[in-house]
Amino acid sequence: MTAPLRILSVVGARPNFMKIAPFARAIDAHNASDPERLIEHFLLHTGQHYDAAMSASFFDALGIPEPDIDLGIGSGTHAEQVGRTMMAFESVVRDRQPDWIIVVGDVNATCACSITAKKEHVQLAHIEAGLRSFDLDMPEEINRMVCDRLSDRLYVTDKLAAANLRAEGVPEDKIRFVGNVMIDTLDANIDKARALDIADIVHSNAIVDPESPPALRSLGEGGTSDFRSPTSGHEGYALMTLHRPSNVDKPEILGSLVDFFTNTVCNDMPLIWTLHPRTRERLVSFGLWDKVANCDGLWLVNPFGYHDLLRLNMDARVFFTDSGGLQEECCVLGTPCVTLRFNTERPVTLVEHDGVSTLVGNDLTKINETYQSSLALERRPHRPPLWDGHTAERIVADLVTS
Ligand code: UD1
């Protein structure tokens, strides 16, 4: 029997967790079926996200093993997060001596651990490589570029991402077109999500915090009928997530978005807005809390767990988001996606590539036009090549033969 292949994988923030879950599962399946070529897997959490709703709940729901190491980095400026992570990660790498370090996505943990991996002369693999928004104002774009430049193996979700890497001069033998691990997770969890009740989800995640100014209105009135799906003949509901600094950090921008959503969308149908901690804090500090808390038809909810958000997405009439991964989930589910960004690193999800996402920035005319036209759209699911639920298996098979 050969010595086990030692793999150290890194997660740090919410969008990483659904990417590592299928990878960890694929390693277990490999070990069960091929004990001659065992993989010894260590999972490290940098601790960039630490609230239960942003972190632990995903480990439980997606069956991700407890991290072997938790660096407990927490919040801070980008330099603080990256610097603290690099320092702590360096000693872990020296101690564990992995053959490969695996990073996913584009958060600060991805960037910090990539740099340390290469400085410690460990082979580095990036899952979800090659995505480019070409917008260096996004910290994630910097993280993606640094990580890809340093990676020895680049696992890409689609052909456009592979083309980006080629254009940057990445040698062909480092690139592997394997598909999208996020969709492995979606496929593995969709039956569990389908069994959930939409009204229960919204009511149990509603923000009712007597210390918040002011106390929120009761969610009891109206009951479950507010949340029936369009397919049952009722008017349906809209979903929203917003967390990017470009949308939530300036009072005039967040204020005008709040005006649009409270005056227009909430008049048409219930809007379920799941609040990232940063967004919630900004609504309060910019004096917008009263307005959102007292708007009829606006349901403010805490960050959803994975299955809850998937269930809501499956029946939403329209999704407003500035997230990256949600564009991909909307694409596969067919939910019209009004993307409140000026660019995307995931062009394969755009309408012009047969997806469902339309970029609207924070231009209210464009947001409204796209919203109005999306109301007339049928749900149109689309799967780009190799978004088939088996991406993690392909990655593990590639690593063991490398
Ligand atoms: C990070 C990622 C972003 C991803 C997002 C998903 C980077 C550069 N950005 O942004 O790509 O889309 O996660 O959420 O890595 N906070 C809490 N509890 C937590 C985590 C954060 O209250 O568990 C608050 C803190 O006030 C913190 C703020 O949220 O300062 C922002 O968190 P941070 O990790 O810095 O970045 P995100 O905006 O979450």
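In each ligand, atom 1 is the first atom listed, and ligand 1 is the first ligand listed. Residue numbers count from 1 along this sequence. If you're wondering where the values come from, they're calculated on a predicted model, not measured in any experiment. Quick note: numbers below take in every heavy atom, side chains included, and nothing from hydrogens, waters or symmetry partners.
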Considering only non-hydrogen protein atoms, determine which one is nearest to [atom] and report residue, atom name and distance to 0.1 Å.
{"atom": "atom 26 (O) of ligand 1", "answer": "Ser75 OG, 4.4 Å"}
{"atom": "atom 18 (N) of ligand 1", "answer": "Asp51 OD2, 2.9 Å"}
{"atom": "atom 24 (C) of ligand 1", "answer": "Pro277 CB, 3.9 Å"}
{"atom": "atom 8 (C) of ligand 1", "answer": "Asn108 OD1, 3.3 Å"}
{"atom": "atom 35 (O) of ligand 1", "answer": "Gln81 NE2, 3.5 Å"}
{"atom": "atom 17 (C) of ligand 1", "answer": "Tyr50 OH, 3.3 Å"}

Inset, instruction - With sequence neighbours left out, write down each residue that passes side-chain contact (heavy atoms from CB on, under 4.5 Å) with Asn362, or none if nothing qualifies. - result: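 Asn362 satisfies side-chain contact (heavy atoms from CB on, under 4.5 Å) with Asn247, Ile253, Leu257, Phe342 only.
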
Legend entry - Residues forming a ring-ring contact (aromatic ring centres under 6.0 Å, His included) with Tyr371, sequence neighbours excluded: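 Checked Tyr371 against ring-ring contact (aromatic ring centres under 6.0 Å, His included); matches are Phe320.
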
Inset, instruction - May I ask you to decide if the ring planes of Phe58 and Phe17 are parallel, tilted or perpendicular, using 30° and 60° as cut-offs? - result: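 Ring orientation, 0 to 90° scale: tilted.
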
Legend entry - Where ligand 1 meets Glu140 - atom numbers and elements under 4.0 angstrom, heavy-atom basis: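 Per the distance check, 2 (C), 3 (C), 9 (N), 11 (O).
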
Legend entry - Atoms of ligand 1 close to Gln48 [distance to a heavy atom under 4.0 angstrom, numbered from 1]: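 By the 4.0 Å cutoff, the relevant atoms are 1 (C), 7 (C), 15 (O), 34 (O).
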
Inset, instruction - State, with a plain yes or no, whether a side-chain heavy atom of Val104 is found less than 4.5 Å away from one of His126. - result: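 A side-chain contact is absent here, since even the closest heavy-atom pair is not under 4.5 Å.
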
Inset, instruction - Please say which of Asp354, Asp187, Asp388 ends up in a salt bridge (Lys or Arg N to Asp or Glu O under 4.0 Å) with Arg383. - result: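 Going through the options one by one, the only one that passes is Asp187.
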
How does [X] reach ligand 1, if at all, at less than 4.0 Å between non-hydrogen atoms: by side chain, backbone, both, or neither?
{"X": "His276", "result": "side chain"}
{"X": "Pro15", "result": "side chain"}
{"X": "His49", "result": "both"}

Inset, instruction - Counting heavy atoms only, name the option from His78, Arg278, His243 that's nearest to atom 5 (C) of ligand 1. - result: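 Heavy atom nearest to atom 5 (C) of ligand 1 belongs to His243.
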
Inset, instruction - Please determine, by modelled atom types, if Tyr237 and Asp315 share a side-chain donor-acceptor pair under 3.5 angstrom. - result: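 Judged by distance alone, the side chains do not pair up.
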
Inset, instruction - Scan side-chain atoms only and decide if Tyr50 and Ser75 contain a donor-acceptor pair under the 3.5 Å cut-off. - result: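 Side chains of Tyr50 and Ser75: pair found under 3.5 Å.
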
Inset, instruction - Determine whether the aromatic ring centres of His45 and Phe59 lie less than 6.0 Å apart. - result: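 Ring centroids of His45 and Phe59 are less than 6.0 Å from each other.
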
Inset, instruction - Using non-hydrogen atoms of the residue, decide whether Glu281 is closer than 4.0 angstrom to ligand 1. - result: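 Under 4.0 Å: no for Glu281.
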
Legend entry - Residue Glu352 excluded, over 12 heavy atoms near CD under 6.0 Å: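 Yes, CD of Glu352 has more than 12 neighbouring heavy atoms, counting only those of other groups under 6.0 Å.
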
